Amino acid sequence: GRDARRVRRGGCLMAATARTALANIKTRLAGITVAGGYTYALDGADQVVIATPITPDRMPSVYLNVLSVSSTLAPGQTHLNAYVRRAVYGFLGFVGSNTDSPSDRTLAAMDLLDDICVRLEGDRGLTNTVFDLVVDGAPIIDGAAEDLPTLGVIAGTITVWWRSAAGQGV
């Protein structure tokens, strides 16, 4: 119907679900390559994974998981029979360091965080499936503090918002 054709930004409905947004984030991150101008490459098998890691299998790697999905009605902003949806995805990124220096591990982790931000913020609409995306709260953790002495570790969230028709699920 009409709602299915309206997939642009603004007050219109988006063609998104929490699942499609997460899949698009994974696809975007897997497009990080050195040839593309990034510091690291995440385009190999099992380098971007939807799971909660115990220990990373590959370096560098990014693990994604769903922290929350919510729906809101904003008076004067949300159309009847529609919701504004929000999903928050957590991520952990692991990158090896050339030295055992805490400074080098932190700088390596900062480079991976920069790659993630540049890649995701380059298409904040995730190819027109959401109306905004924010990478936030990405503290840099020295791997030694987490019993991973040769790694730089990043942790953070990716929040996305979209509009969907009532009854179409999250």
Side-chain angles (χ1 to χ4, degrees), residues 3 6-32 38 40 42-43 46-58 60-79 81-95 106 108-143 145-146 148 151-170:
D3 289 342
R6 298 187 305 159
V7 293
R8 293 279 174 219
R9 295 184 173 155
C12 298
L13 303 176
M14 310 298 289
T17 64
R19 184 186 192 286
T20 58
L22 181 58
N24 285 345
I25 289 169
K26 180 182 179 191
T27 299
R28 296 278 308 155
L29 292 179
I32 293 175
Y38 298 94
Y40 296 105
L42 294 174
D43 59 337
D46 296 328
Q47 283 187 275
V48 180
V49 179
I50 298 173
T52 301
I54 295 174
T55 57
D57 294 327
R58 304 246 349 235
S61 59
V62 174
Y63 291 82
L64 300 165
N65 59 56
V66 180
L67 298 178
S68 68
V69 179
S70 60
S71 302
T72 60
L73 297 170
Q77 296 177 357
T78 308
H79 293 269
N81 297 321
Y83 292 96
V84 173
R85 310 279 192 191
R86 183 185 97 151
V88 180
Y89 307 102
F91 69 88
L92 283 174
F94 300 91
V95 63
T106 299
M110 283 296 296
D111 288 341
L112 180 59
L113 176 60
D114 185 63
D115 286 350
I116 290 169
C117 288
V118 168
R119 181 69 178 171
L120 292 178
E121 292 170 356
D123 178 13
R124 288 176 48 185
L126 294 175
T127 316
N128 290 324
T129 56
V130 301
F131 65 80
D132 208 356
L133 170 148
V134 174
V135 179
D136 194 20
I140 308 305
I141 303 166
D142 178 10
E146 297 297 316
L148 301 166
L151 301 181
V153 182
I154 57 172
T157 60
I158 302 161
T159 305
V160 299
W161 294 266
W162 70 96
R163 289 184 179 88
S164 67
Q168 289 188 342
V170 294

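The model shown is predicted, which means the values in this text are computed figures rather than measured ones.
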Item checked: Side chain proximity check, Asp115 to Leu42, heavy atoms < 4.5 angstrom -> no
Checklist line | Contact summary for Ala18 and Tyr89, nearest pair of heavy atoms | finding: O-OH, 2.6 Å
Notebook entry, point to check: Hey, what do you get for CG (Leu92) to CG (Asn65), rounding to the nearest 0.5 Å?
Noted result: 7.0 Å
Check: Crowded around Arg58 CZ? As in, over 12 foreign heavy atoms under 6.0 Å?
Finding: yes
Notebook entry, point to check: Nearest heavy-atom pair of Arg28 and Gly122: which atoms, and what distance?
Noted result: NH2-C, 4.2 Å
Margin query: Do Asp111 and Val95 make a side-chain contact, defined as non-hydrogen atoms from C-beta onward lying under 4.5 Å apart?
Written below: no
Next item on the list: Quick one: pull up CD in Glu121 and CD1 in Ile116 and give me the separation to the nearest 0.5 Å.
Entry: 11.0 Å
Note to self: Less than 4.5 Å apart, side chain to side chain, heavy atoms only: is that true for Phe91 and Val48?
What the structure shows: no
Margin query: I want to check something: taking the side chain as every heavy atom from C-beta on, are Val160 and Asn24 in contact at a cut-off of under 4.5 Å?
Written below: no
Next item on the list: Identify the heavy atoms of Ala21 and Leu126 that sit nearest to each other, and give their distance.
Entry: O-CD1, 3.8 Å
Next item on the list: Enter the distance from Ile50:CD1 to Ile25:CD1 here, rounded to the nearest 0.5 Å.
Entry: 9.0 Å
Margin query: If you apply the rule side-chain contact (heavy atoms from CB on, under 4.5 Å), what do you find for Leu112 with Phe94, and how did you get there?
Written below: CA-CA 8 Å; Leu112 180 59; Phe94 300 91; 6.0 Å; no
Item checked: Val135 to Cys117 - nearest heavy-atom pair and separation -> CG1-SG, 3.8 Å
Next item on the list: Compare all side-chain heavy atoms of Thr72 with those of Arg86 and state whether any distance is below 4.5 angstrom.
Entry: no
Notebook entry, point to check: If you take all heavy atoms of Ala51 and Tyr63, which pair is closest and at what distance?
Noted result: O-CB, 3.6 Å
Check: Ile158 pairs by side chain to side chain contact (heavy atoms under 4.5 Å, CB included) with which of Leu64, Asp136, Val88?
Finding: Leu64
Next item on the list: Identify the heavy atoms of Trp162 and Thr17 that sit nearest to each other, and give their distance.
Entry: CZ2-C, 3.7 Å
Notebook entry, point to check: How long is the gap from CZ on Arg124 to CG on Leu133, to the nearest 0.5 Å?
Noted result: 7.5 Å
Margin query: Measuring from atom OG1 of Thr106 to atom CD1 of Ile154, what distance do you get when rounded to the nearest 0.5 angstrom?
Written below: 12.0 Å
